[in-house]
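Convention: sequence-line order gives letters A, B, ...; per-chain numbering from 1.
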Protein chains: 2
Amino acid sequence: MGNEVQEPKDLDGGAALADDELIRSGRDADVTRRALVRAARRRFATEGYRATTVRHIAADAGVNVALINRYFGSKEGLFEACMNRTVDELDPQTRARAASVDEVIARLLAHVVEAPNADDPLQLLLLLRSSGDENADAIRRRTLERFTEQLAAAAGWSADDPASQPLLLRAQMAIALMLGLVMLRTATEVQPLASASADQLTEPLEQVLRVLLDSRGK
Amino acid sequence: MGNEVQEPKDLDGGAALADDELIRSGRDADVTRRALVRAARRRFATEGYRATTVRHIAADAGVNVALINRYFGSKEGLFEACMNRTVDELDPQTRARAASVDEVIARLLAHVVEAPNADDPLQLLLLLRSSGDENADAIRRRTLERFTEQLAAAAGWSADDPASQPLLLRAQMAIALMLGLVMLRTATEVQPLASASADQLTEPLEQVLRVLLDSRGK
DNA sequence: CCTGCAAGTAAACGATTGTTGACATAGGTA
DNA sequence: TACCTATGTCAACAATCGTTTACTTGCAGG
């Protein structure tokens with residue numbers, strides 16, 4: 001009873017962004033929550049779930065450790081919050097009906113390689129990190145599968161036509177390529193891939209993604 | 001002094017294989033060592049370094065926990081041994097001069113997708129798992145880079161010609177695709193990719209790999 | 001002003017983890 | 001047989017981690 005998790009008040013109805021570089025001046029539970037999720041997501045994505053300690057997250061966020069349990073119940077709760085937030089930020093982009101395969105490819109490249117926001121690739125990395133928690137892992141899997149379907153849909157996939165089912169596999173290969181790429185660039189930091197510029201990566205990636213997703217051949 | 005790590009006697013000069021399903025009957029240090037590496041590699045690859053406990057590894061190998069420290073010095077030492085063994089098993093296959101790009105592609109597919117030995121994909125997964133140890137991570141990075149060069153070499157890369165340098169990036173993209181694929185299939189187990197048969201994967205993968213590695217165009 | 005509650009802090013607890021040292025045992029050798 | 005060393009076992013250690021509890025601080029409304 002007493003140890004009920006405080007639910008976020010969801011007073012985010014205002015400007016949905018401007019999470020960047022928020023200063024924790026006064027005492028504001030929402031700001032604290034966001035700072036925690038932000039710090040946690042970075043740690044979880046780059047170092048994995050188990051290697052990340054709640055004390056590190058709290059230190060990154062400039063916040064007391066106990067607040068993690070106060071606001072998210074547990075470390076797993078925080079991880080799940082990170083996952084949900086990644087889903088929320090990824091979903092509108094995949095939901096937005098893509099006019100063409102080229103548009104889908106352009107969006108993918110923007111997220112993975114061009115990286116206007118340095119945290120964008122990390123969001124994808126989160127989809128590879130397992131907490132061991134059954135609940136969070138289910139979210140992760142479902143997100144990837146939904147991601148697949150919408151990628152395939154943009155490439156002309158139809159649920160009715162069984163002949164287009166291999167397209168689902170092709171879409172997942174595209175995702176595998178993207179995730180592997182971010183992994184090698186961000187976590188492993190293997191050269192020369194890690195320090196390659198967006199320009200160097202764009203052309204071959206476009207080529208490959210088109211082969212995978214475009215039914216019009218090459 | 002007393003706590004010196006016992007070096008493997010390297011009396012593996014005999015048949016290099018036959019590690020499969022070895023029975024620990026008498027007390028044999030080499031058999032124990034191999035059983036530990038075998039069990040550890042599976043755990044490390046599927047669950048990551050931090051999530052694996054030495055007690056789990058020992059239990060899997062049917063061995064007392066303390067023997068890990070006796071034979072490998074530490075958990076990190078065991079991890080490094082796993083890494084080295086993966087390198088040793090991967091190296092001759094990449095060293096063997098490939099006659100053509102098709103041959104390289106065929107080898108890749110055999111390891112990743114067709115999987116005659118169920119542990120083969122796991123070897124690759126190890127290259128994505130970080131222990132946080134500087135030493136083991138260096139091995140990991142260097143292995144991936146050597147892997148890249150030999151893949152690129154088979155595709156016609158020459159160190160002299162700066163114009164062929166983008167081929168290194170393409171080779172690493174191929175590796176990224178393979179690693180991402182194994183990750184999604186083995187660790188995340190996302191559908192339908194995880195339960196897809198080798199036949200379903202071979203054709204599109206061949207197609208993509210050829211685009212990445214074959215300079216003769218499509 | 002002061003009172004009440006949310007926000008934040010500090011310290012400690014229990015569980016788990018990697019590791020170690022003392023002890024037991026098998027098996028070859030003199 | 002009687003060692004002696006390599007091999008394996010057992011129990012406990014210190015450190016770390018997630019979590020909880022009791023306490024303090026700041027802010028808003030009477």
Is any side-chain nitrogen or oxygen of T32(B) closer than 4.0 Å to OP1 or OP2 of dT7(D)?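 So the side chain of T32(B) is outside the cut-off, no N or O lying under 4.0 Å from OP1 or OP2 of dT7(D).
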Round to a whole Å and report the spacing from [atom1] of [X] to [atom2] of [N].
| X | N | atom1 | atom2 | answer |
| --- | --- | --- | --- | --- |
| N64(B) | dA6(D) | CG | C1' | 15 Å |
| R70(A) | dT25(D) | CZ | P | 15 Å |
| Y71(A) | dT20(D) | OH | P | 16 Å |
| L67(B) | dT9(D) | CG | P | 6 Å |
| F72(B) | dT7(D) | CZ | P | 13 Å |
| R27(A) | dG4(C) | CZ | C1' | 13 Å |

Distance-only polar pair, side chains of [X] and [Y], donor-acceptor under 3.5 Å:
| X | Y | result |
| --- | --- | --- |
| T202(A) | E206(A) | no |
| T52(B) | E47(B) | no |
| E89(A) | Q123(A) | yes |

Check whether any side-chain N or O of K75(B) sits under 3.5 Å from a backbone N or O of N69(B) as a donor-acceptor pair, and report yes or no.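 Not confirmed, K75(B) side chain does not pair with N69(B) backbone.
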Would R129(B) and F44(B) count as a cation-pi pair here, with the cationic atom under 6.0 angstrom from the ring centre and within 45° of the axis? no
Close side-chain approach of L109(B) and M178(B), heavy atoms under 4.5 Å: yes
Can you pull every protein N or O that's under 3.5 Å from an N or O on nucleotides 17-19 of chain C?
| unit_1 | atom_1 | unit_2 | atom_2 | d |
| --- | --- | --- | --- | --- |
| dG18(C) | OP1 | T52(B) | O | 3.3 |
| dG18(C) | OP1 | K75(B) | NZ | 2.9 |
| dG18(C) | OP2 | V54(B) | N | 3.0 |
| dG18(C) | N7 | R55(B) | NH1 | 3.0 |
| dG18(C) | O6 | R55(B) | NH2 | 3.3 |
| dT19(C) | OP2 | N69(B) | ND2 | 3.3 |
| dT19(C) | OP2 | K75(B) | N | 2.8 |
| dT19(C) | O5' | N69(B) | ND2 | 3.4 |

